[in-house]
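Step one of this worksheet: look at the structure below.
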Amino acid sequence: MTAYNTITFDPSRCKSCNDCDACMTACSQIKSGTDDLLYSRIKIIAGMNGSLPELALCRQCGDPECTKSCPSTALTKNEQTGVIDWDKSLCIDCLLCTVGCTYGGITYNMTLNHVAKCDMCDGDPACVKACPSGALSYVTSAGIFNDQHDREDLFVPGLSACQGCNSEMIMRHSLRKVGPDTVLATPPGCIPGMGSVGFNGTTGTKVPVFHPLLTNTASMLAGLKKQYNRMGRNVTAMALAGDGGAGDVGFQSLSGAAERNDQILFIVVDNEGYMNTGMQASGSTSYGSWTTTTPVGSEMKGKRTNQKNLAMIMMNHNCEYVATASTAFVEDYYEKLDKALAASERGFAYLHIYSPCPTGWRFPSSQTIEVCRKGVETNFAPLWEYERGGELRFTHSIDDPLPVEAYLNLSGKYRHVSEEQLQHIQEQVNERVKTLKRFAGLN
Amino acid sequence: MNSTHYLIAGASHAGLEAIHRIRLIDETATITVVTRDARLPYSPTILPYVVSGQSDPDRVVLRNADYFKNLNINLITGDELVAIDEANKQVTLQSGDQWHYEKLLLATGADPIIPPIPGLSEASFHVLRTMQDAINLRTHAGSAKTAIVLGAGLIGMHGAENLRHAGLDVTIVEMCDQVLPGYFDTRAASVIQTAFNSNGITMLMGSRVVKVEQQAQSCQVTLENGNSITADLLLVATGVKPKLDYLKGTSVQVEEGILVDRNMRTDAPAIWAAGDVAQAADFYQDKKVMMGILPDAVTQGAIAAMDMSEDYTLQPYTGGVPINTYTFFGQQAISVGQCMADDQSEELTQVDDDNHRYLKILLKDNQLQGISSINEEMDAGVMWQLILRKIDLTSVKDAFIARPLETGRALMSSTWR
Ligand SMILES: Cc1cc2nc3c(=O)[nH]c(=O)nc-3n(C[C@H](O)[C@H](O)[C@H](O)COP(=O)(O)OP(=O)(O)OC[C@H]3O[C@@H](n4cnc5c(N)ncnc54)[C@H](O)[C@@H]3O)c2cc1C
Ligand code: SF4
Ligand code: SF4
């Protein structure tokens, strides 16, 4: 399997633009040298009865029907780019491809007298560049998946994580990238719970792994790293910890290691609570969230206190590297992981990854990445990084965020949230961004 | 005795889609494909363009030898299925080779019908179903000046136009009063006929041929009304019919084609059929029909393969919907679904004679039954899905009637993500 770059469409952003047609004009221009929208291979269509706009565009299908209906071999899937290429010299204008396609992805142009389809502009799509609202974007993360594909997954298959678990994805991606010269600590939480430390004397991880107490993860890693250094071996001391294990119970040792700038790569998978033991609240649980210890009843309406911002606290330790990340923005995450890995050779590197939890947060398992994405796009979970001695730097624009509801609405744990609570959450998001901006030297 | 898990007879659209689907979920089982044709797979639909010279036979190979090699599929060309022993799961090929199979797919397509016209069998004439047919016709067309085409169905019309492009004077003789019956109504058909006439093709509609006589370098065709015409070249395109001699002694049930259920199973154990050879459920009525179109061969091949390989994502066949995307002399006639209204259907037509444009929409219970158009932009695939999925158009009816293209696109786009 090869992954390919792709054009994505966010109709809610498109709607706000009110028929600007910029993408279609750009396409007509670059492909046919005219402003006549008939020539555009991307078509934005007004939604039916006031619903969001729709998109007729070739999806560059993995198992394309257009190519199967083509008698002339004019249509083929390009194995390198994933684009369905059309060869004019072979085409007999039979239009059978338009029968195969369900999305209006390949259509007949009456003036050109032949079919036309999106060719992704050789990897630099003009429509995306023209789109003023960010509704269209060109996602190039495929390259990462293809690169990483050749590396070994250092967890065993069949870990018993929940369906749609973000944490499992983070673990597998991270360790694959960090590589086999690693000693891994997984303090109590979902990560060892799903079997990474193993059962019955067999391990779930293909590198040395241990199960520290919640309280001593960072200090044990610090000692191990020192011993490896003494032996002259370059080994990454890495933690994959939950937010409770890092920010509540394990905070004392974490803070100590950061203060000493010990050479550790500390990754926190933040699912806002103690999910594996039955969804109890942690210090990272956000205000208003339902958990089993912050229930929703006649008096209590979910968590009453605000979440603490562990990443910011860690930044204030002035250790080597601190960053936040999200699996909806993998390219960003991979860059940060590279930097963090390099920084962990010098001192303490801390990565805080937002990890919405389908089971504990009550959203369908297919929506994990969407929840991640909306977390970032509403500024609920802004993406930034900090390098020792420098300034905080946003790695995803914090301008023009979506209202926080766009994020809250996706999860059942916020279902009960009242107008006032909503307002409170929005204010908190705004405040947090303001604080971050100060660290970034903005405003 | 040779042995294979999957045996596929026929290497065209239905057979090729079947092996693709099997390999998607079964990487290791043995697959053997046997085709009568000595060439690597090609589409019969391309043949008229080989005749006109637009398509080069070597450039229209649907799957090259590497494809079969890489997927570890044994391709046997130039051999033919001649007998099936269903009890022992064995077939015999023309060469005498025998193969044991676990599962057999019959995707052998259809062959031209040669009508019982006196004198025809003694005359030298052409048909158009195989690459060799096309090459023969092209060679002959190079020296011929005039041609007669019997039949104004898909093959006859494509054949006639491409012979015209090759520079011949062409006459079409057709028994029906209109071209392409079943796909287009008389109004649309007459637009097509007009285009043929104005491009120098003589159309003898409603004419029955009673006699064919071979002359030294030409062929004389006598019509029922007593007129006769002579041409250097005769192309017979009066329909197709599967050749099913290999079924003798099996329990496979046959009417016009091989009768199959909605999973493309025949009545015999471990035997499936798909494509032009099969007679499968109709979409509109409770009967089984011959489809004879390429997109349906692909669909049926996929369904057969998914059933054969026990792919649990299989969705049974929803039934055949006639589809025709017909390009003629630079114009387009597109027809998806029914083209004639019945008493329960609502018919909406827009005619623009000056621009040779025409659009007809048939609705029943606010669901699309059929849509046909001339020189209108039309996404046939979108319309096909609206029909197949019985999409309720009640809330968007006005928009659909006014702008079927955009509305259809919006509806299908909303089913994505
Ligand atoms: C001139 C022409 C124009 C056409 N135009 C269109 C069009 O515009 N639109 C459209 O939708 N359809 C069109 N068609 C029809 C379309 O080509 C067929 O519907 C489609 O090819 C059917 O695919 P199939 O796999 O079922 O069979 P076929 O394509 O007929 O292939 C049959 C295969 O079986 C092999 N075979 C036959 N008998 C045996 C045997 N006994 N043993 C082993 N192998 C055997 C053959 O060699 C071949 O590989 C056209 C057809 C022709 C001839
Ligand atoms: S044209 Fe249609 S069928 Fe072909 S790849 Fe694009 S979306 Fe898929
Ligand atoms: S119109 Fe061209 S690209 Fe489309 S199916 Fe026909 S030959 Fe292939």
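Labels below follow one simple rule: chain letters A, B, ... track the order of the sequence lines, proteins then strands, and each chain is numbered from 1. Atoms considered below: every heavy atom in the structure, side chains included; atoms not considered: hydrogens, waters and symmetry mates.
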Portion of [X] that has a non-hydrogen atom of chain B nearer than 4.5 angstrom:
X	value
Asp63(A)	side chain
Ala74(A)	neither
Cys70(A)	backbone
Thr67(A)	neither
Ile45(A)	side chain
Leu57(A)	neither

In terms of heavy-atom pairs under 4.5 Å, which option from [options] contacts chain B the most?
options	answer
Leu95(A), Leu52(A), Asn113(A), Asp87(A)	Leu95(A)
Gly100(A), Cys97(A), Ser89(A)	Ser89(A)
Asn109(A), Ile106(A), Leu90(A), Ile44(A)	Leu90(A)

[X] side, atom [atom1]; [Y] side, atom [atom2] - distance, nearest 0.5 Å:
X	Y	atom1	atom2	result
Gln54(B)	Asp93(A)	CD	CG	7.0 Å
Trp384(B)	Thr102(A)	CH2	OG1	8.5 Å
Thr107(A)	Met378(B)	OG1	CE	12.5 Å
Glu54(A)	Leu411(B)	CD	CG	8.5 Å

Identify which part of [X] has an atom lying under 4.5 Å from any heavy atom of chain A, answering side chain, backbone, both or neither.
X	result
Val61(B)	backbone
Leu24(B)	side chain
Glu17(B)	side chain

Short question: side chain of Thr73(A), backbone of Arg59(B) - any donor-acceptor pair under 3.5 Å? yes

Tell me whether Ser413(B) contacts the main-chain N or O of Leu55(A) through its side chain, where contact means a donor paired with an acceptor under 3.5 Å. yes

Any side-chain heavy-atom pair of [X] and [Y] under 4.5 Å:
X	Y	value
Gln332(B)	Thr98(A)	no
Met48(A)	Thr407(B)	yes
Val298(B)	Glu65(A)	yes
Glu377(B)	Met110(A)	yes

If you measure from the Lys or Arg side-chain nitrogens to the Asp or Glu carboxylate oxygens, is any gap between Lys43(A) and Asp379(B) under 4.0 Å? no

Pair His158(B)-Ile92(A), side chain to side chain contact (heavy atoms under 4.5 Å, CB included): steps then yes or no: CA-CA 11 Å; His158(B) 277 297; Ile92(A) 56 168; over 6 Å; no

Give me the atom names and distance for the closest heavy-atom approach of Cys94(A) to Thr325(B). O-OG1, 2.7 Å

Testing the basics here: between Ser72(A) and Val60(B), what is the closest heavy-atom pair and its distance to 0.1 Å? O-CG1, 3.8 Å

Most contact-rich option vs chain A, by heavy-atom pairs under 4.5 angstrom, among Ile293(B), Asn324(B), Asp56(B), Thr45(B), is Thr45(B)

Can you confirm whether [X] is buried at [atom1], in the sense that more than 12 heavy atoms of other residues, nucleotides or ligands lie under 6.0 Å from that atom?
X	atom1	value
Asp400(A)	CG	no
Asn49(A)	CG	yes
Glu331(A)	CD	yes

